[in-house]
Amino acid sequence: MDLSMLNPQQRLAAETLEGPVLILAGAGSGKTRALTCRVANLMDHGVPARSILALTFTNKAAREMKERIVRLVGDQAEDAWISTFHSTCARILRRDIEKLGYSRSFVIYDDDDQGAVIKEILKRLNIDEKFLPPKEIRAKISDAKNKLLSPDEWFAKSERDHRSQMLHDVFVEYETRLKALNALDFDDLLVKTLELLADHPPVLESYRARFQHVLVDEYQDTNYAQYMLVKLLTDRSRNLCVVGDDDQSIYGWRGADIRNILDFEKDYPDATVIKLEQNYRSTANILDAANQVIAHNAGRKEKALWTESGEGEPIKLFCAGDEREEAAWVADRIRQLGRQGESYGRTAVLYRTNAQSRVIEEMLMRSGIPYKVFGGQKFYDRKEIRDVVAYLRVIVNPADDVSLKRIINVPKRSIGDSTVQELVNHARENDMPLYSALSDIPDTLSSRPRKCVSDFFLLMTMLTALKEALPLSEFVKTLVEKTGLMEQYQREDTEESRARVENMQEFLGAVEEFARASENATLEEYLENVALVTDLDQQEDERGYVTLMTLHSAKGLEFPNVFMTGLEEGVFPSGRSLMDENRMEEERRLCYVGITRAQKRLFISRASQRMLYNQVNHNAPSRFLEEIPPRLLQDEWAEKKEAAFKGVPQSAPRRGGYGSGYGMRSTPAMADLGKPRLTLHGDALGIPGVQKGFAPSKARELASGAMQSLFRKGDRVMHRKFGEGQVVAVTGRGADARIQIEFTAYGVKEFSLSIAPIVKLEDDE
DNA sequence: GAATAAATTGTTTTT
DNA sequence: CAATTTATTC
């Protein structure tokens, strides 16, 4: 193994093959390279691939690691287990879960399914959803499972009040119910695997004997259950190598326990600790900013990232009047980057919450900038897809009442709520799954619903038979037709239904691709894939598209140009973290993660007024802005203000200081609107009295200025209804700005600039 | 039982 | 604001 391309620390990481190893890998320090070389080196030293287990959090990370190892050592790497915690557990369970009293055809439930089960239980136990919201129950149960607590153990540690007692009861019910449904939730994958290993020594021994070397990526994100799993597997061999960065721990809210990485040296006193501190990703300015921000956290592992690269461009800062202007600035800068020869695929726009993406999307669309949004509503979460999946699940696992209830009347086949209720009661009385009630119809049903139910049962029987007869993708295609799922949407001709048809076709395509990728793929395997793979994992190099995603999902990625938006108290850091120092530190780590995604250029923006969740808020600048040294920043707000006042092109860049963009009082818009923290409903700017006697607020003027600058006389544009046209004139200001467009087919039409569905066709600046 | 209207209600991040 | 849940009417 040639390790000459590694720096001394990386080489140490790749060469220390025995015993516990902790690699503290700063952002962009080439940890994947060190890790992959380490694995290759292990194989060079005679360790067979099959005795290596590498655990990651995302499928994408797993795939990437595997590919890179294959590139180094060839196909022999195929025998190593390189996958996510959850997939690994699923794989272990598929083999031996019968020892725990489940059937091997178990299904994996997501949050939605969990919610359905919990709601059912609440109804049965006669508990008001307002008293115990299902979401909260889900979170508590998940929390307990992450800590490997049984309902009783959890209760013992709780406040032991009435509420906790009820929660406990729901928890117990939930566990029994899930087992009856032959279903595991996400956390169960880990919990049940641990149960299997702990209670069945031969199974544990076989895995211990097999996995002589275990690696864990993103160790700072592990929860207690994952910690235990790793511990159990490596107790004997003690060949455990964990890689992580405590400064990038951003999943505490999901049960990740940062102590796992902080205390590694206590757990393994003989551990070799290696720090990767040279950063190969970002310019000095960007790295400097990141270092300064994260330095405000207490209780970190001492680390100092450094780089050999030059200082690079200053970090651009912009303070917008509102979120629309912020988005316009982002769009504007992206087009400017385009003119400098940066392709869209090299740029990412990051935000704290998915809800913030909408405005940005709108503005990019108008500017004709191609983009892709990652995260948010997941593909498999869409109604029509979930319906198909529910059919598939019932066929694989007839005990799955939750899925059966979902599809029993989809598409409409006249099996109404009352009929379903009869069936459910009948099933419960006889202690059998709902599916059995379809063929053993209770006498209480009259002839008409009886016919509908038996028709449905025949359909399902036929489909079950077809599953064996047809190859996977053929089968799913047939199912979509025979059930009438596709027809249901094809018949109505709305924009929405057409989108659903398209989604379903895309789904069929995905199944086909899955079947092609692994021949002889079974339906069971596909369903597992659906449960464990997210859209984020599908992200290939989308050349030519700007990437929009949350800061969380950006972890592990890098882009030459990065925009961080919404740097405001209450937005980022999130309002829910303001009161809690630990949460605040996690927000700061999130900020650190965001900054360190950038390779060449970093753009940071905030809005002094923001409409979010249908409420207008005035937010103070994020504290993280203050934590970046002014010398690294270039304030574009000041430049823009100047340009707006004088009506002249932007003057020479001003360097340093937060300038007038900093602090709430300094913006004219704020001064006009009165008290800071004042929350106004509706169109705050339009409220009489607030604005009376003043010149139109600066915020609004700037916003419209940004809009107007998007469309100029002579621009070629596309209107959703009228098609292609040319801009004749742009008139008016602010909210009543209008635009006149000449269409070849329709002549001149006038629209309100703020609502017209138009897109700019090309950029000839 | 199904279609429509009205009302309510939530909005962090996700393997 | 939108999306889901609930009530109402046919």
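Just so it is clear: chains get the letters A, B, ... in the order the sequence lines come, proteins before strands, and each one is counted from 1.
Side-chain atoms of A:Y174 and A:Q114 include a donor-acceptor pair closer than 3.5 Å. Under 3.5 Å, the side chains of A:Q488 and A:Q490 contain no donor-acceptor pair of N or O atoms. For the 3.5 Å distance criterion, the side chains of A:T444 and A:E422 qualify, holding a donor opposite an acceptor. Using a 3.5 Å distance cut-off with no hydrogens or angles, the side chains of A:N617 and A:R610 do not pair a donor with an acceptor. Side chains of A:Y371 and A:E361: a donor-acceptor N/O pair is present below 3.5 angstrom, by distance only.
The two residues A:L93 and A:L184 have their closest heavy-atom pair at CD1-CD1, 3.7 Å.
In this structure, the nucleotide among B:dT11, B:dT13, B:dT9 sitting nearest to the side chain of A:N354 is B:dT13. The A:R576 side chain lies nearest to B:dT12 when the options are B:dT12, C:dT4, B:dG1. Ranking B:dT14, B:dT12, B:dA2 by closeness to the A:K412 side chain, first place goes to B:dA2. With distances taken from any side-chain atom of A:H552 to the nucleotides B:dA2, B:dT13, B:dT14, the minimum falls on B:dT13. Picking from B:dT12, B:dT13, B:dT9 the nucleotide with the shortest atom distance to the side chain of A:S574 gives B:dT12. You'll find that the side chain of A:W253 is closest to B:dT14, out of B:dT11, B:dT14, B:dG1.
When the side-chain nitrogen and oxygen atoms of A:K130 are compared with OP1 and OP2 of B:dT9, one or more of them lie within a distance under 4.0 Å. At least one side-chain nitrogen or oxygen of A:T550 sits closer than 4.0 Å to the OP1 or OP2 atom of B:dT14. For A:K119, a side-chain nitrogen or oxygen approaches OP1 or OP2 of C:dT5 to under 4.0 Å. Between A:T419 and B:dG1, a side-chain N or O to OP1/OP2 separation shorter than 4.0 Å is present.
Residue A:S577 is out of contact with every strand shown, counting any heavy-atom pair closer than 4.0 Å. Counting any heavy atom pair closer than 4.0 Å across all strands shown, A:N409 reaches sugar-phosphate atoms only and no base atom.
Taking atom CG on A:N617 and atom P on B:dT12, their separation rounds to 14 Å, with Å as the unit. Across the protein-nucleic acid pair, A:D111 atom CG and C:dT4 atom C1' stand 17 Å apart, rounded to whole Å. Atom P of nucleotide B:dT13 and atom CD of A:Q220 are separated by 20 Å, given to the nearest angstrom. In this structure, CE of A:M549 is placed 20 Å from P of B:dT12, rounded to the nearest angstrom. Taking atom CD of A:E568 as the reference point, atom C1' of B:dT12 lies 15 Å away to the nearest angstrom. The CD-C1' distance, from A:Q421 to B:dG1, rounds to 15 Å in whole Å. With rounding to whole Å, A:D381 atom CG is found 11 Å from C:dT4 atom P. Counting to the nearest Å, the C1' atom of C:dA2 and the NZ atom of A:K383 are 11 Å from each other.
Here, C:dT4 and B:dT13 have their C1' atoms 22 Å apart, quoted to the whole Å. Between B:dT11 and C:dT6, the two P atoms lie 15 Å apart (nearest whole Å).
Comparing A:E129 and A:R358, the nucleotide of DNA chain C nearest to each residue sits closer to the 5' end for A:R358. Checking A:K135 against A:D187, the closest nucleotide of DNA chain B that is more toward the 5' end is the one next to A:K135. Nearest-nucleotide mapping onto DNA chain B: of A:E587 and A:G416, the residue sitting toward the 5' end is A:G416.
Taking only distance into account, the side chain of A:R352 meets the base of B:dT13 through a donor-acceptor pair shorter than 3.5 Å. On a pure distance criterion of 3.5 Å, a polar donor-acceptor pair joins the side chain of A:R583 and the base of B:dT12.
Each of A:N354, A:T550, A:L548 was evaluated against A:V373; a single residue qualifies, A:L548, per the side chain to side chain contact (heavy atoms under 4.5 Å, CB included) test.
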